[in-house]
Amino acid sequence: DWAGNVQKGPLHNIRLNEQELQAAKARGAHHMKHPIVGERIVDLSVRAANPRTHQIYNPATQVSRFLGGIHFKKIVGRDPDLFKATLGKGSFVVVGTDGILSLKKSEDLNIEVDRIVEAARNGANAEALVKDANQRFGADNATAIVWRPHPKAELDEVFRRRLKNV
């Protein structure tokens with residue numbers, strides 16, 4: 001933000017956010033703990049077939065809010081979290097999927113966020129964050145957006161040029 005503080009949005013992951021798990025359960029999700037893939041939520045009324053093996057299964061996820069995902073339409077949330085932050089010189093916004101973080105427990109969040117913030121402060125763009133995540137954690141749907149506002153003087157010049165062309 002304008003003062004150099006890091007503003008974090010909530011995690012939409014049932015393994016690390018008890019409130020999200022309870023909300024998914026309230027929507028009818030079944031909570032399961034798998035010995036290999038970990039905690040997941042599933043809608044037991046939905047069945048799918050693996051396109052390669054044709055095996056029937058119940059699709060499961062640990063992400064509790066997202067767009068798309070027809071198999072999860074009853075149990076995941078679709079409402080975004082909105083909040084305001086006043087940005088200043090040197091500010092940036094990073095939006096990313098859980099794939100750019102490697103969180104085994106909620107205490108790891110601050111360590112991972114600090115790593116990402118430091119990289120962005122040093123000029124890392126979204127491609128660099130995703131590449132780093134893929135190298136460190138393997139390919140796990142690592143997606144990121146890094147947005148840096150233009151200083152006001154630059155924006156004023158952009159608007160002047162656009163107005164000349166109108």
Let me confirm one number: the [atom1]-[atom2] distance from [X] to [Y], rounded to the nearest 0.5 Å.
X    : Y    : atom1 : atom2 : value
I116 : I100 : CD1   : CD1   : 4.0 Å
L129 : T143 : CG    : OG1   : 11.5 Å
Q19  : I14  : CD    : CD1   : 14.0 Å
S45  : H30  : OG    : NE2   : 12.5 Å

Using side-chain heavy atoms (C-beta onward) and a distance below 4.5 Å, is D43 in contact with N58?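 No, their side chains stay 4.5 Å or more apart.
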If every non-hydrogen atom of [X] is compared with every non-hydrogen atom of [Y], which pair is closest and at what distance?
X    : Y    : answer
A48  : P59  : CB-CG, 3.8 Å
A124 : V146 : O-CG1, 4.1 Å
A142 : A133 : CB-CB, 4.1 Å
R40  : A60  : CB-CB, 3.7 Å
V130 : A144 : CG2-N, 3.7 Å
V113 : V6   : CG1-CG1, 3.9 Å

side-chain contact (heavy atoms from CB on, under 4.5 Å) for V94 and I145? Distances and angles first, verdict last. CA-CA 6 Å; V94 176; I145 299 169; over 6 Å; no
Is it true that, when you exclude Q7 itself, more than 12 heavy atoms of the residues, nucleotides or ligands shown sit nearer than 6.0 Å to its CD?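 Atom CD in Q7 is packed in, count exceeds 12.
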Enumerate the salt bridge (charged side-chain N to carboxylate O under 4.0 Å, His left out) contacts for residues 121-138, please, sequence neighbours excluded, ordered by first and then second residue.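 Checked against salt bridge (charged side-chain N to carboxylate O under 4.0 Å, His left out) - neighbours excluded - the pairs reaching residues 121-138 are E112-R136, R115-D132, D132-R136.
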Run the side-chain contact (heavy atoms from CB on, under 4.5 Å) test against [X] and tell me which residues pass, sequence neighbours left out.
X   : answer
A23 : R27
R52 : N50
V93 : L87, V95, W147

What about V46 and M32, same hydrophobic cluster or not, with Ile/Leu/Val/Met/Phe/Trp/Tyr joined at side-chain heavy-atom distances under 4.5 Å?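 Unlinked, V46 and M32 end up in two clusters.
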Got a sec, which hydrophobics cluster with I56, joining ILVMFWY side chains under 4.5 Å apart, including via others?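 Once heavy-atom contacts under 4.5 Å are chained together, I56 still belongs with nothing else.
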Mind checking what makes side chain to side chain donor-acceptor pair (under 3.5 Å) contact with [X], not counting sequence neighbours?
X   : answer
N5  : none
H31 : E39
K8  : N110
T86 : none

